[in-house]
Amino acid sequence: MAALWAFDSAKELGERDTKVLLRIAACLLRSSGKDQEEKSRGIDAYRSLIEEFPDWVGAKTSYVDSLINVLEFDDALRVLEEYGLDGSVD
């Protein structure tokens with residue numbers, strides 16, 4: 001996937017912008033298909049971002065959205081519950 005290549009290249013050149021890292025995680029997970037290794041890399045990338053930025057709701061909702069995109073509904077629900085994303089607005 002061209003987008004993943006572009007984001008990975010930016011990262012290799014030292015780009016550490018959180019949006020680039022978020023897009024890499026999304027690309028990995030969404031383009032993984034049946035490739036469990038790539039899916040795991042995407043999940044690990046999301047988890048690393050969320051660990052580094054625990055208050056970043058956008059990373060958490062992107063993670064859920066990516067899981068829904070690949071039809072992993074049970075995992076999406078688990079992540080919603082894990083991060084306390086109940087739809088309420090503070």
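Heads up: numbering here begins at 1 and tracks the sequence.
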Quick one, Ile43 and Arg47 - any side-chain contact, counting heavy atoms below 4.5 Å?
yes
Where [X] and [Y] come nearest, the two heavy atoms and their spacing:
X     : Y     : answer
Arg30 : Ser66 : NE-OG, 3.0 Å
Ala76 : Ile68 : CB-CG1, 3.7 Å
Tyr46 : Ser62 : OH-OG, 2.7 Å

[Y] reachable from [X] in the ILVMFWY side-chain graph, under 4.5 Å edges:
X     : Y     : value
Tyr83 : Leu49 : yes
Leu80 : Leu29 : yes
Val79 : Phe73 : yes

Apply side-chain hydrogen bond (donor to acceptor under 3.5 Å, both in side chains) to [X] and list each qualifying residue two or more places apart in sequence or on a separate chain.
X     : value
Asn69 : none
Arg78 : Glu82
Tyr63 : none

Passing candidate, side chain to side chain contact (heavy atoms under 4.5 Å, CB included) with Lys60, options Ile50, Asp55, Asp65:
Ile50
Distance col, row Leu28:CG vs Glu38:CD, nearest 0.5 angstrom, shows 5.5 Å
